[in-house]
Amino acid sequence: MGENYKTLPIVQKLSKGEETVWVNPKKIPFAENRQGISMADIDEAEARLQRFAPFIMKCFPETEKDGGMIESVLTSISGMQKHLEETYGVQIPGRLMLKQDGHLAIAGSVKARGGIYEVLKHTEELAFEKGLIKVGDDYGKLANEECREFFGQYTIQVGSTGNLGLSIGIASAAVGYKVIVHMSADAKQWKKDMLRSHGVTVVEYESDYTAAVKEGRRLSDEDPKSYFVDDENSVNLFMGYAVAAKRLKKQLEEQRILVDGDHPLFVYIPCGVGGAPGGITFGLKEIWGDHVHCFFVEPVQAPAMLLGMATGLHNEICVQDIGLSGLTHADGLAVGRPSGFVGKVVEPLLSGEFTLQDKWLYEYMRGLLDTEGIFLEPSACAAFEGPARLLSYKETKDYIKENGLAEKMGAAVHIAWATGGSLVPEKVRAEYQNTYL
Ligand SMILES: *Cc1c(COP(=O)(O)O)cnc(C)c1O
């Protein structure tokens with residue numbers, strides 16, 4: 001494409017830092033979708049998490065009550081729905097719900113899904129190699145002193161804007177590994193402090209996320225006993241996120257909420273490098289196909305995935321190439337260059353993307369706290385831009401008509417994927433609540 005992308009209307013809008021929506025022209029009917037990965041891969045990831053449940057319970061006693069399963073609740077938020085409608089003069093037909101990944105055990109963010117899964121998968125491989133366990137064993141024994149000492153010879157490294165570092169750091173330290181987290185300049189101080197309190201080595205960078213990842217990968221590659229969690233390319237992380245879809249299916253069934261040709265499901269997920277929203281989307285589409293409509297949300301200064309998908313250049317373009325800063329209060333979304341792997345997988349699946357200005361993160365945060373008493377971190381609040389704006393843009397209104405959904409919106413379910421928040425310290429919460437941009 002060369003520099004021709006610069007003339008695309010969507011790129012011109014993005015380069016001005018304007019809020020916008022993009023409907024994905026490359027989405028195809030689910031039946032025509034062909035991928036190298038499938039439901040069988042998600043099943044395998046789910047089974048692995050199940051095998052590790054006794055181990056997770058031992059390492060993280062807070063998961064005992066859920067039998068070692070790390071999962072979040074799905075709740076109706078009619079108060080927030082009414083608040084959005086009344087405050088912003090919009091309509092949200094159907095029911096608005098919140099998937100509370102901000103309350104996931106251990107990591108307090110969606111990263112508890114992919115991050116912990118990848119650490120466990122690596123642990124299983126090492127344990128088999130060394131003969132610490134064999135097929136059919138109770139994995140609980142991997143938490144004993146002897147195994148911990150064994151894992152202590154190995155290092156796990158990761159580059160992060162914050163939450164992935166927290167997830168990988170806390171989980172790896174609990175297993176017994178040495179851990180080094182390479183933090184980009186956007187990472188919040190409290191996240192670094194919390195990691196250090198778990199014995200994790202935190203290396204700080206003055207550059208952005210992409211540079212932190214690059215240096216972390218280089219240092220890890222130099223050490224044969226070090227394993228690098230590659231947020232940009234990891235299929236393991238992706239599958240850990242995808243398991244969320246199977247869990248969500250069960251939760252919707254338990255609440256007797258239908259998803260089918262007459263009951264569309266809309267899901268809105270904040271997007272950084274793309275792994276978490278991409279993995280979740282992949283899983284949701286495997287289950288509900290054309291009945292589920294997935295939208296990502298990114299900050300106006302860091303719409304990395306949107307830019308990569310709209311130009312078809314994926315990880316060969318970054319937001320700085322179109323004059324954006326990449327800077328945002330949404331630290332979890334402060335990514336300038338998207339994952340190429342994820343962009344290509346979701347290209348035929350994703351319905352579209354919204355971008356939003358940072359000030360809305362805090363407005364939505366206060367709205368949710370006031371109406372539902374639930375605290376989310378700023379990055380997670382980006383999700384609300386989806387339901388709030390779905391019917392305000394011509395592009396998404398056309399999407400609804402063209403997909404034959406206009407008559408069905410009253411029966412729709414909208415899920416805002418609340419990706420983080422429960423670990424935010426009280427003092428920082430108070431600062432956020434008083435932030436007005
Ligand atoms: C990491 C993160 C995301 C986005 O996940 P990616 O895999 O980077 O796209 C969204 N919200 C929060 C709170 C996060 O920490």
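In listed order, ligands and their atoms are each counted from 1.
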Quiz item: Is the number of heavy atoms from other residues, nucleotides or ligands within 6.0 Å of CD (E254) greater than 12?
Solution: yes
Quiz item: Should the heavy atoms of other residues, nucleotides or ligands under 6.0 Å from NZ of K188 be counted, would the total exceed 12?
Solution: yes
Side chain, backbone, both or neither: [X] near ligand 1, heavy atoms under 4.0 Å:
X	result
S379	side chain
V273	both
V335	neither

Practice problem: Take F30 and E286 through the side chain to side chain contact (heavy atoms under 4.5 Å, CB included) test and state the conclusion after the steps. | Solution: CA-CA 9 Å; F30 185 71; E286 283 291 318; 3.9 Å; yes
Using a 4.0 Å cut-off to any heavy atom of [X], which atoms of ligand 1 qualify?
X	value
L333	3 (C), 10 (C), 11 (N)
N163	13 (C), 14 (C), 15 (O)
K111	1 (C), 2 (C), 3 (C), 5 (O), 14 (C), 15 (O)
P277	5 (O), 6 (P), 7 (O), 9 (O)

Exercise. Please say whether G275 places an N or O atom under 3.5 Å from an N or O atom belonging to ligand 1.
Key: yes
Self-check item: Within-cut-off N or O pair, G272 and ligand 1, under 3.5 Å
Solution: yes
Practice problem: Compute whether any side-chain donor of one residue and acceptor of the other, for Y227 and E118, lie under 3.5 angstrom apart. | Solution: yes
Quiz item: Among all protein non-hydrogen atoms, which one is nearest to atom 11 (N) of ligand 1, and what is the separation to 0.1 Å?
Solution: T419 OG1, 2.6 Å
Practice problem: Closest by any non-hydrogen atom to atom 9 (O) of ligand 1: pick that one out of A276, P270, A383, G274. | Solution: G274
Quiz item: Centre of Y436's six-membered ring, under 6.0 Å away, within 45 degrees of the axis: is that where NZ or CZ of R366 sits?
Solution: yes
Quiz item: Is the closest basic N to carboxylate O distance between R48 and E125 below 4.0 Å?
Solution: no
Quiz item: Is the closest side-chain heavy-atom distance between D370 and H83 below 4.5 Å?
Solution: no
Quiz item: Under 6.0 Å between ring centres, would you say that holds for Y154 and Y177?
Solution: no
